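To start, the structure under review is shown below, and the notes come after it.
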Amino acid sequence: MVPDVSTGSDTRGLVAYLFGPGRRDEHTDPHIVAAWDMTGAPDPGRDANATYTQLAKRLDHHVDLRTRELGGKKPPQHVWHCPVRTAPGDRYLTDAEWAEVARRVVAATGIAPEGDEKACRWIAVRHADDHIHIMATTVRADGRRPRTNRDGQRAQAECRKIEAEFGLRRLKSGDLTEPKTPTGAERAKVERQGQEKATREWLREQAYAVAAAVRSMDDYFTVLGSLGIQVKPRIGPESGEVTGYSLAAPGDTIWYGGSSLAPDLSYIRLRERLPTQEVADRPQPVADPADSWRRTESAVHTARTVLDAGDDAVAQGHLEAFGDTLHNLARATHSPHQAELQAAAQAFNRARRSAIRADHQAATELCQAAKELTYAPNLPGGLAIALVFAALHLARAAAHWHAQHGHEQQAAAAEQAVRHLQANYRQAAEPVLADLARRAPRATTAHRFEQDLRATIPDQADRILADPAWPALTTTLARAETAGRNPRHLLAEVAARRELDTAERPAEVLNWRITAQPNRRAQAARRQSVRSTRPIAQAPQPAPTTVGERSAERGRRR
């Protein structure tokens, strides 16, 4: 059961909409199911002599008295509106049941507390099977305004109780960080124009993806504009500085403020993690193209341990940075399974927000690693799969963290992201693991690796050997040994990264940890080679300053 509280100032206009045919003739049999006074509220849906104007005047009675007291100043936003809708698949509610819902909601929100004879005037109109509209004028009989602070939260809490008592589908409680849903007019536009999603939702996804990739607010606006999205910065009249912004789809005339797309897309919140101008955070060319992927995998692994550390602000900062990581991972992974990564990133957009204020400074390592993925070359195969594997476990840990904190909607969103990551991982990993198993070394080598395993991880050795991924792990160990690495030392190193007790397939876990582990000896040799071949003197080159210039520079280097 979903309540949606809003306010306005046009009593008659809202009455006309509630009792009218609807925007697409979707209203059927509109009538009042409950009111402050069933005998004193004219019902245009049941009484042919009742008019919209009569009902509006009765509702506005105390508002008009208050207006005369104030010398003609009508209280602002005095119309309170709260549609309440059952979830798809819920049973049919009778008028009497909807009347009880309405009375409980107006009592819980402070509009009309139970037994308060001087409460606001209100009505509940039903014009469809699955919802009612509660409308009130927020001036009491004693001339005071009702106490409606946190009315949205209180309406949600009461609806959770009603769901349990009425045997309805139990929905997740929010914390006022959920984004605004498309309005009826926006949904009608989707159907009329044959769109896949509402403009509001499309702009939100584009804004999240761009904010994840760029390194400054300047680039944020520039890249949005390059996508054809209309950008309108809001300039402070006194300071002359940007204080906000609005976006519109290409060729559209409807503008959406950043905060109306999502709370963490407001200009203030974006400024907290994106500077106004680029400073010393420019991407630098790396000797090994795989380094960016390895650093990101390591940062994701670290973020998972942070969620268990107990500092909520630090954990929230890492969750927001992880949301950026998923967007950039989807962009950097060009494979037939990319759609699952994109869906995971979009699902996690809800899981990255909560009422806890994030410590972005503490998540600098993961944030910078996420940005590096924007410039990293596509690396299909083991290293990309290892990063998806690490992201899968962090998303699962995020769901658990949110659940522990009572963030029901965020926990559900994180679980949805987990399902998409699982689908991507299985689709990409199974053929790679099967190929590694086919290339397994001979029995004597595998037996030697078994001895190394029992010597380094004795408590988990039997579970690892019983894992179907053990043959694939022996191939990975053999390749590492060929590259000059000691299998016993390597197993000890990757096993120490995190306990294996909770891993369902520990050999699989070790395989991807080794895949993502850098070969420091090879890296040192590569750096020495680069230094020995570098010219003695070279004129300094100015760093690219915009996304377009950086893209051109990458093209020249290639």
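We number each residue from 1, following the sequence as shown. Note that this is a predicted model, so its numbers are computed, not measured. The analysis underlying the following values was restricted to heavy atoms, covering all of them including side chains, and did not include hydrogens, waters or symmetry mates.
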Applying salt bridge (charged side-chain N to carboxylate O under 4.0 Å, His left out), run through Arg269 and Glu320 and close with a yes or a no. CA-CA 11 Å; Arg269 295 294 298 276; Glu320 293 194 22; 3.4 Å; yes

Please report whether the ring centroid of His393 lies less than 6.0 Å from that of Phe389. yes

So with a 6.0 Å cut-off around CD of Glu69, is the heavy-atom count from everything else above 12? yes

Please confirm whether the backbone N or O of Lys74 pairs with a side-chain atom of His78, one donor and one acceptor, at under 3.5 Å? no

Under 3.5 Å, is there a donor-acceptor pair linking the side chains of Thr199 and Glu186? no

Is the CD atom of Glu114 crowded by more than 12 outside heavy atoms at less than 6.0 Å? no

Just list the side-chain donor-acceptor pairs under 3.5 Å for residues 28-37, sequence neighbours left out, or say none.
from: Asp29; atom 1: OD1; to: Arg46; atom 2: NH1; distance (Å): 2.7
from: Asp29; atom 1: OD2; to: Arg46; atom 2: NH2; distance (Å): 3.2
from: His31; atom 1: ND1; to: Asp29; atom 2: O; distance (Å): 2.7
from: His31; atom 1: ND1; to: Arg46; atom 2: NH2; distance (Å): 3.4
from: His31; atom 1: NE2; to: Asp95; atom 2: OD2; distance (Å): 2.8
from: Asp37; atom 1: OD1; to: Thr39; atom 2: N; distance (Å): 3.1
from: Asp37; atom 1: OD1; to: Thr39; atom 2: OG1; distance (Å): 2.7
from: Asp37; atom 1: OD1; to: Gly40; atom 2: N; distance (Å): 3.4

Side-chain H-bond candidate by donor/acceptor type, Thr137 with Asp60, under 3.5 Å: no

Considering residues, nucleotides and ligands other than Glu165, do more than 12 of their heavy atoms fall under 6.0 Å from its CD? yes

Does the pair Trp401 and Asp308 meet the rule for a side chain to side chain donor-acceptor pair (under 3.5 Å), with working shown? CA-CA 8 Å; Trp401 185 85; Asp308 299 329; over 6 Å; no

Please report the C-alpha distance between Lys180 and Glu201 in whole Å, then the side-chain angles of each, then the deciding distance to 0.1 Å, and finally whether the salt bridge (charged side-chain N to carboxylate O under 4.0 Å, His left out) criterion is met. CA-CA 9 Å; Lys180 293 182 179 180; Glu201 296 171 318; over 6 Å; no

Gap between atom CD1 of Ile134 and atom CG of Asp4 - 0.5 Å precision: 11.5 Å

Would you give the length of the straight line joining atom CG of Leu14 to atom CG of Leu59, rounded to the nearest 0.5 angstrom? 9.5 Å

Residue list, side-chain hydrogen bond (donor to acceptor under 3.5 Å, both in side chains) with Arg85, at least two apart or on another chain: Asp130, His131

Do Glu205 and Arg200 sit within salt-bridge range, that is, some charged N less than 4.0 Å from a carboxylate O? no

Distance, nearest 0.5 Å, that separates CD of Gln342 from NE2 of His420: 11.0 Å

Checking Val300, Asn424, Leu373 against Leu329 for side-chain contact (heavy atoms from CB on, under 4.5 Å), the one that qualifies is Leu373

Verify side-chain contact (heavy atoms from CB on, under 4.5 Å) between Tyr267 and Arg234, making sure each step is shown before the conclusion. CA-CA 10 Å; Tyr267 185 78; Arg234 185 171 65 250; over 6 Å; no

Rounded distance [0.5 Å steps], CZ in Arg104 versus CD in Glu158: 4.5 Å

CD (Gln77) with more than 12 external heavy atoms under 6.0 Å: yes

Go through the steps for Glu163 and Arg160 under the test salt bridge (charged side-chain N to carboxylate O under 4.0 Å, His left out), then give the verdict. CA-CA 5 Å; Glu163 289 164 354; Arg160 298 295 83 80; 2.8 Å; yes

Partners meeting salt bridge (charged side-chain N to carboxylate O under 4.0 Å, His left out) with Arg331 (sequence neighbours left out): none

Residue among His407, Gln409, Arg350 satisfying side-chain hydrogen bond (donor to acceptor under 3.5 Å, both in side chains) with Thr177: Arg350

Distance check, rounded to the nearest 0.5 Å: Arg271 atom CZ versus His360 atom NE2? 12.5 Å

Which pair of non-hydrogen atoms, one from Leu326 and one from Ala344, has the smallest distance, and what is that distance? CD1-O, 4.1 Å

Any side-chain donor near an acceptor of the partner, Tyr208 and Asp324, under 3.5 Å: no

Gap separating the CZ atom of Arg192 from the CD atom of Gln195, nearest 0.5 angstrom: 9.0 Å

Please check if atom CG in Leu70 has more than 12 non-hydrogen atoms from other residues, nucleotides or ligands closer than 6.0 Å. yes

Under a plain distance cut-off of 3.5 Å, with no hydrogens placed, do Arg154 and Thr109 share a side-chain donor-acceptor pair? no

Taking atom NE2 as the centre, does His400 end up with more than 12 heavy-atom neighbours from other residues, nucleotides or ligands that are less than 6.0 angstrom away? no

Can you tell me how the ring of His133 sits relative to the ring of His81, calling it parallel under 30°, perpendicular over 60° and tilted otherwise? parallel

Verify the neighbour count for atom CZ of Arg169: are there more than 12 heavy atoms of other residues, nucleotides or ligands below 6.0 Å? no

